[in-house]
There are 2 protein chains.
Amino acid sequence: MADDPPRPTDAELEILTVLWSIGRATVREVHEVISRRRPAQYSTVLKFMQIMAEKGLVRRDETQRAHIYQAARPREWTQRQLAGDLMERAFSGSAKALLMGALAARKATREELAEMRKLLEAYRKGEK
Amino acid sequence: MADDPPRPTDAELEILTVLWSIGRATVREVHEVISRRRPAQYSTVLKFMQIMAEKGLVRRDETQRAHIYQAARPREWTQRQLAGDLMERAFSGSAKALLMGALAARKATREELAEMRKLLEAYRKGEK
DNA sequence: TGCCATATACGAAGACCTTACTAGTAAAGC
DNA sequence: GCTTTACTAGTAAGGTCTTCGTATATGGCA
């Protein structure tokens, strides 16, 4: 497996999010999704995706004229990196502190709280 | 109250962490703590703290020759911003997903898991 | 075969981030 | 008082991030 890609920037993360959600896609398709939310030039999105290919954040298939892109790492992998990085840098490595921050930022629903409790429970029983 | 300060950069967050831990401090004191961990020029730290003052991330008392700095916002406030921001951008607003990422990044101890469970419990009972 | 639509590639500007040197100034010590 | 020391401010270089205009290539179709 190749080297780990670097932490994505804000704009790069936005594109990765689109790729994770729709899977393999052309620049045009990604641009369409993004420009539905905010103004963005096609060439800007293209540029980002070229840079991301260089960085190893995405892989691309160039056999077609319109290159096909896909995220180089699954969503969960990147989420783990990002959560771990922030936990380290801003919460002195404490998952509990990070959880507190998240709950303070946006109140979770009763259901979400229950699911999280189940998650912790699973971890307690020697979950890997 | 003044405008919310922007999200701190990596280097800024490192300095804030020092300020939160030792409270009010001069550039020299902050520099000493940081250079104990990694090479860093005094003037670099100074420059950062000047920029942070402009951005509103820190406040400074200039009555002494050696200015006294302090974080403009408490640690918890900034942690809430950062957790909320990442939760929004990388976890589509799901606290549960963020928690999963954090747990996957670094296995929590049994005690930490228990404390987190208690935390969720408290939230369930209409905690503010 | 030549034109049009649509791709990619390239270049570049402007903001911000990181780092560090140096000039100038104020305090402190001799 | 004068020198040394310590601090701030200013300047600048080099890198990254974000944005976009434009040039160039390619495939399809009339």
Side-chain angles (χ1 to χ4, degrees), chain A residues 3-19 24-70 78 82 85-86 89-90, chain B residues 3-19 24-70 78 82 85-86 89-90:
Chain A
D3 260 2
D4 281 354
R7 197 175 75 194
T9 67
D10 287 3
E12 289 167 350
L13 183 56
E14 185 184 17
I15 288 171
L16 284 178
T17 299
V18 174
L19 287 177
R24 297 162 51 83
T26 63
V27 174
R28 179 145 305 278
E29 291 167 318
V30 172
H31 172 252
E32 236 152 56
V33 174
I34 288 179
S35 64
R36 221 172 288 144
R37 291 193 287 243
R38 62 180 188 84
Q41 286 308 112
Y42 175 87
S43 62
T44 302
V45 175
L46 167 65
K47 184 64 167 177
F48 276 133
M49 293 176 76
Q50 286 171 342
I51 292 172
M52 291 168 77
E54 270 173 28
K55 290 187 183 176
L57 285 166
V58 296
R59 252 195 294 276
R60 73 174 166 186
D61 171 1
E62 310 184 1
T63 57
Q64 307 295 326
R65 188 160 99 87
H67 300 174
I68 307 282
Y69 289 79
Q70 62 183 314
T78 302
L82 290 171
D85 174 71
L86 188 67
R89 290 188 303 106
Chain B
D3 261 2
D4 282 355
R7 199 175 70 190
T9 67
D10 288 2
E12 289 166 351
L13 183 55
E14 186 184 18
I15 288 170
L16 284 178
T17 299
V18 174
L19 287 176
R24 298 162 50 83
T26 63
V27 173
R28 180 144 306 277
E29 292 166 318
V30 172
H31 172 251
E32 235 152 58
V33 173
I34 287 178
S35 63
R36 221 172 287 146
R37 291 192 287 243
R38 63 179 187 83
Q41 286 307 111
Y42 175 88
S43 63
T44 302
V45 175
L46 167 65
K47 185 60 171 177
F48 277 134
M49 294 176 75
Q50 286 171 341
I51 292 172
M52 290 168 79
E54 270 172 28
K55 290 188 183 177
L57 286 166
V58 298
R59 252 193 295 276
R60 73 174 166 186
D61 171 2
E62 310 184 1
T63 58
Q64 308 295 326
R65 187 159 102 88
H67 300 173
I68 308 283
Y69 289 79
Q70 62 184 314
T78 303
L82 290 171
D85 174 72
L86 187 67
R89 290 188 302 107

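In what follows, every chain begins at residue 1, and chains take the letters A, B, ... in the order their sequences are listed. As the structure is a computational prediction, the values presented were derived from the model and not from experiment.
For A:S43, taking side-chain heavy atoms from C-beta onward, the closest of the listed nucleotides D:dC7, D:dG21, C:dA7 is D:dG21. Of the candidates C:dA9, D:dC7, D:dC17, the closest approach to any side-chain atom of B:A66 belongs to D:dC7. Checking D:dG21, D:dC7, D:dA12 against the side-chain heavy atoms of B:K47 singles out D:dA12 as nearest. In the set D:dC17, D:dC7, C:dC21, D:dC17 carries the atom at the smallest distance from any side-chain atom of A:K55. Comparing D:dA9, D:dT18, D:dG21 against the side chain of B:R60 picks out D:dA9 as the nearest.
Between C:dA20 and B:T44, a contact under 4.0 Å exists linking OP1 or OP2 to a side-chain N or O. The phosphate of D:dT8 has OP1 or OP2 within less than 4.0 Å of a side-chain N or O from B:Y42. Here A:R28 does not reach the OP1 or OP2 of C:dT6: none of its side-chain N or O atoms lies under 4.0 Å away. The side chain of A:R38 contributes no N or O atom lying less than 4.0 Å from OP1 or OP2 of D:dT18.
Between A:Q50 and A:Y69, the closest side-chain pair of non-hydrogen atoms falls below 4.5 Å. With contacts defined as side-chain heavy-atom distances shorter than 4.5 Å, the pair B:T26/B:H67 does not qualify. Side-chain contact check for B:L16 versus B:V58: some heavy-atom pair is nearer than 4.5 Å. Between A:E12 and A:I51 the shortest side-chain heavy-atom distance falls below 4.5 Å.
Put simply, CD on B:Q64 is 15 Å from C1' on C:dA28, counting in whole angstrom units. Computed from coordinates, the A:D10 CG to C:dA15 P distance equals 19 Å when rounded to whole Å. Straight-line distance from the CE atom of A:M49 to the P atom of D:dC17: 17 Å, rounded to whole Å. Put simply, NE2 on A:H67 is 8 Å from C1' on C:dA7, counting in whole angstrom units. For the pair B:R65 CZ and D:dT5 C1', the computed distance is 8 Å after rounding to whole Å. Here the P atom of nucleotide D:dA9 and the CE atom of B:M52 are 15 Å apart, to the nearest Å. The nearest whole Å value for the distance from the CD atom in A:Q50 to the C1' atom in C:dG11 is 12 Å. Atom P of nucleotide D:dT8 and atom NE2 of B:H31 are separated by 13 Å, given to the nearest angstrom.
Among the protein residues, B:T9 comes within range of the sugar-phosphate backbone only, with heavy atoms under 4.0 Å from sugar or phosphate atoms but none that close to a base.
The nearest heavy atom of DNA chain D to A:P39 and to A:R7 marks one nucleotide each, and the one closer to the 5' end goes with A:R7.
Distance CD1/B:I68 to OG1/B:T63: 7.5 Å, rounded to 0.5 Å.
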